[in-house]
Amino acid sequence: MGLACGIVGLPNVGKSTIFNAITAAGAESANYPFCTIEPNVGVVDVPDERLEVIHKFITTDRIIPASLRIVDIAGLVKGASQGEGLGNKFLANIKESDAILHVVRCFEGEVIHVHGKVDPLVDIEVIDLELALADLDTLERAADRAGKKARGMDKVALHEKDVCERAIATLKGGKPLRSVAWKPNELDVLRPLFLITIKPVLFVANVADTDPEGKSPLVDVVRKHAAATGAEVVALCGSIEGEIMALAPEERGAFLADMGLKEPGLNRLIRQAYHLLGLQTYYTAGQIEIRAWTIHKGDTAPVAAGVIHTDFEKHFIRAEIYSVDDLVAHGSEAAIKAAGKLRSEGREYVMRDGDLCHFLIGK
């Protein structure tokens with residue numbers, strides 16, 4: 001679907017370390033600021049146990065999981081909105097992302113901190129302020145343009161000016177734009193501006209290897225801030241995740257068991273980022289492949305079919321659908337059909353996460 005999460009944070013908080021672990025793309029990671037200049041981009045598989053569940057009952061040649069694009073954006077610093085630290089270039093990269101993974105350092109250690117000390121709240125506030133200032137600049141220019149048009153009592157321009165001014169007041173009040181429940185017609189004004197603070201945010205608390213589950217007071221500070229600003233939090237240790245991903249797949253289970261972990265923290269991160277974007281998965285399954293397809297929550301069956309091929313949406317007739325639970329309960333598609341669990345759904349059907357589908361397409 002082309003959607004991307006941009007990883008942001010201050011220099012040396014572990015962004016590139018986490019990006020490397022997520023994507024195994026080998027982004028440069030070093031103990032000095034601005035070691036990431038150009039954004040690194042990786043496409044990662046979304047961990048999904050349901051694919052193997054389906055495979056237990058349906059023989060196939062290959063399994064294709066859903067994927068997510070991750071962009072590692074260079075470290076921001078105070079003054080980025082005025083161009084400090086190549087800030088304007090980096091902020092432009094953030095604008096192109098659909099959601100933000102904000103990495104926050106929650107560990108002490110020898111790695112140089114850009115502010116000389118570890119304080120998650122101060123770090124978050126520096127980034128939040130720069131993103132808000134960038135949005136303010138965008139909104140003030142948009143409000144000025146709309147204001148000039150509104151002098152002739154243009155209703156559209158008056159509406160645009162009102163929405164921009166409300167957004168400006170929100171930011172000046174110290175709140176990100178995502179904290180406001182914008183109406184659809186207001187989002188129509190704001191969306192084309194590619195505002196940063198309206199994007200959903202997942203705070204990634206990068207913790208010490210002695211605190212892999214993120215139980216330290218430093219992580220609690222991040223959780224409290226996230227709850228107050230409409231964001232989410234996942235805690236993981238970038239260095240541990242890097243070690244896990246460096247192991248052969250068959251060796252990872254023993255390593256996780258030794259660490260007292262059920263799964264890599266990156267699995268939780270990727271799943272939460274996927275849902276942060278308002279995405280869900282449906283499946284097609286047959287002899288050639290079992291495949292997870294990415295759609296938005298609320299998409300109808302024709303839209304879901306169109307993800308496979310644009311003509312499928314145009315010529316959609318109906319969908320035959322059952323659930324993974326139905327497959328587990330009955331053991332085969334034939335048995336599901338015999339039990340009356342195979343549903344025939346039309347154009348108005350709203351897809352559910354985990355639907356298994358066959359689409360009937362006309363000519």
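Note that the structure is a prediction, hence the values are computed from the model and not measured.
The two residues Val201 and Arg178 make their nearest non-hydrogen contact at CG2-NH1, 3.4 Å. Of all heavy-atom pairs spanning Ala99 and Lys199, the tightest one is CA-CB, 4.4 Å. Across Cys106 and Ser216, no two heavy atoms sit closer than the pair O-OG, 4.4 Å.
A salt bridge links Arg166 with Glu186: the distance from a Lys NZ or Arg NE/NH1/NH2 to an Asp or Glu carboxylate oxygen falls below 4.0 Å. Taking a cutoff of 4.0 Å between a charged side-chain nitrogen and a carboxylate oxygen, Arg50 and Asp353 qualify as a salt bridge. Between Glu263 and Arg271, at least one side-chain nitrogen of the basic residue sits less than 4.0 Å from a carboxylate oxygen of the acidic one, meeting the salt-bridge criterion. Look at Asp144 and Lys148 and you find a salt bridge, because one of the NZ, NE, NH1 or NH2 atoms lies within 4.0 Å of a carboxylate O, short of that distance.
Side-chain atoms of Asp48 and Tyr274 include no donor-acceptor pair closer than 3.5 Å. Side-chain contact of His275 with Glu232: a donor-acceptor pair under 3.5 Å is absent, judged by distance alone.
Evaluated for a side chain to side chain contact (heavy atoms under 4.5 Å, CB included) with Gln280, the options Ile295, Asp355, Thr294, Asp299 yield exactly one hit, Ile295.
Under the 30°/60° scheme for interplanar angles, the aromatic rings of Phe203 and His225 are found to stand perpendicular.
Tracing side-chain contacts under 4.5 Å through hydrophobic residues (I, L, V, M, F, W, Y), one never reaches Met245 starting from Val207; they form parts of separate clusters. Linking ILVMFWY residues whenever their side-chain heavy atoms come closer than 4.5 Å, directly or via other members, leaves Tyr283 and Met351 in distinct clusters. A chain of hydrophobic side-chain contacts below 4.5 Å, direct or via other Ile, Leu, Val, Met, Phe, Trp or Tyr residues, connects Ile70 to Leu202. Val43 and Leu266 are not part of a single hydrophobic cluster, where members link through side-chain heavy atoms under 4.5 Å apart. Note on Ile64 and Ile54: separate hydrophobic clusters, where clusters join Ile, Leu, Val, Met, Phe, Trp and Tyr whose side-chain heavy atoms are under 4.5 Å apart, directly or indirectly.
With Asp135 contributing its side chain and Leu195 its backbone, the two residues share no donor-acceptor pair below 3.5 Å. In this structure, the side chain of Lys341 does not engage the main chain of Ser323 through any donor-acceptor pair within 3.5 Å. Using a distance-only test at 3.5 Å, with no hydrogens or angles considered, no donor-acceptor pair links the side chain of Thr17 to the main chain of Ser239. Not one N or O on the side chain of Asn206 forms a donor-acceptor pair closer than 3.5 Å with the backbone of Val103. Although no hydrogens or angles enter the test, the distance criterion places no donor-acceptor pair under 3.5 Å between the side chain of Tyr282 and the main chain of Cys357. Remark: side-chain polar atoms of Asn20 are paired, donor with acceptor, to backbone N or O of Ser16 under 3.5 angstrom. Checked by atom type and distance alone, the side chain of Asp326 never pairs as donor or acceptor with a backbone atom of Ile336 at under 3.5 Å. When atom types are taken as modelled, the side chain of Ser332 and the backbone of Ala335 share a donor-acceptor pair closer than 3.5 angstrom. In this structure a side-chain-to-backbone donor-acceptor pair under 3.5 Å is missing from Arg105 to Gly14. In this structure, Arg252 contributes its side chain and Leu247 its backbone to a donor-acceptor pair below 3.5 Å.
Remark: His309 engages Phe312 in a ring pair (Phe, Tyr, Trp, His ring centres under 6.0 Å) (not counting sequence neighbours).
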- Take Ile198 and Leu187 through the test side chain to side chain contact (heavy atoms under 4.5 Å, CB included) and record every step on the way to the result. CA-CA 10 Å; Ile198 204 167; Leu187 288 173; 3.9 Å; yes
- Query: Given the rule in the side chain to side chain contact (heavy atoms under 4.5 Å, CB included) test, do Asp61 and Glu289 qualify, once you have shown the distances and angles that lead to the verdict?
  - Reply: CA-CA 6 Å; Asp61 293 339; Glu289 68 180 27; over 6 Å; no
- Worked verdict on Thr281 versus Val46 for side chain to side chain contact (heavy atoms under 4.5 Å, CB included): CA-CA 10 Å; Thr281 302; Val46 177; 5.7 Å; no
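Environment of NZ in Lys161: sparse, with no more than 12 heavy atoms of neighbouring residues, nucleotides or ligands closer than 6.0 Å. Annotation for Phe255: atom CZ counts as buried by contact number, over 12 foreign heavy atoms lying within 6.0 Å. No more than 12 heavy-atom neighbours from other residues, nucleotides or ligands sit within 6.0 angstrom of CD on Glu49. For NZ of Lys297, the number of neighbouring non-hydrogen atoms (other residues, nucleotides, ligands) closer than 6.0 Å is greater than 12.
Taking CG from Asp137 and CG from Leu171, the interatomic distance works out to 11.5 Å, rounded to the nearest 0.5 Å. In this structure, the separation between CG on Leu279 and CG on Asp98 is 8.5 Å, given to the nearest 0.5 Å. Residue Lys337 holds its NZ atom at 15.0 Å from CZ of Arg343, rounded to the nearest 0.5 Å. Atom OG1 of Thr197 is separated from atom CG of Leu136 by 8.5 Å, given to the nearest 0.5 angstrom. Here CD1 of Ile361 is found 9.0 Å from NE2 of His315. Values are rounded to the nearest 0.5 Å. If you take CZ on Arg291 and CD1 on Ile308, they are separated by 8.5 Å, rounding to the nearest 0.5 Å.
Between Leu342 and Glu333 there is no side-chain heavy-atom pair separated by less than 4.5 Å. Leu277 places a side-chain heavy atom less than 4.5 Å from the side chain of Leu68. In this structure the side chain of Lys95 reaches within 4.5 angstrom of the side chain of Ile196, judged on heavy atoms. Looking at heavy atoms from C-beta onward, Ile244 lies in side-chain contact with Glu241 at the 4.5 angstrom threshold. Proximity of Ile63 to Glu52: side-chain heavy atoms (C-beta onward) are separated by under 4.5 Å at one or more points. Using a 4.5 Å heavy-atom cutoff, the side chains of Thr300 and Arg347 are not in contact. Between His296 and Val303 there is no side-chain heavy-atom pair separated by less than 4.5 Å.
Judged by a 6.0 Å distance limit and a 45° cone about the ring axis, Arg191 is not positioned over the six-membered ring of Trp182.
Taking the six-membered ring for Trp, Phe316 and Tyr349 have ring centres at least 6.0 Å apart. Note: His330 and Tyr322 fail the aromatic proximity criterion, with ring centroids not under 6.0 Å apart.
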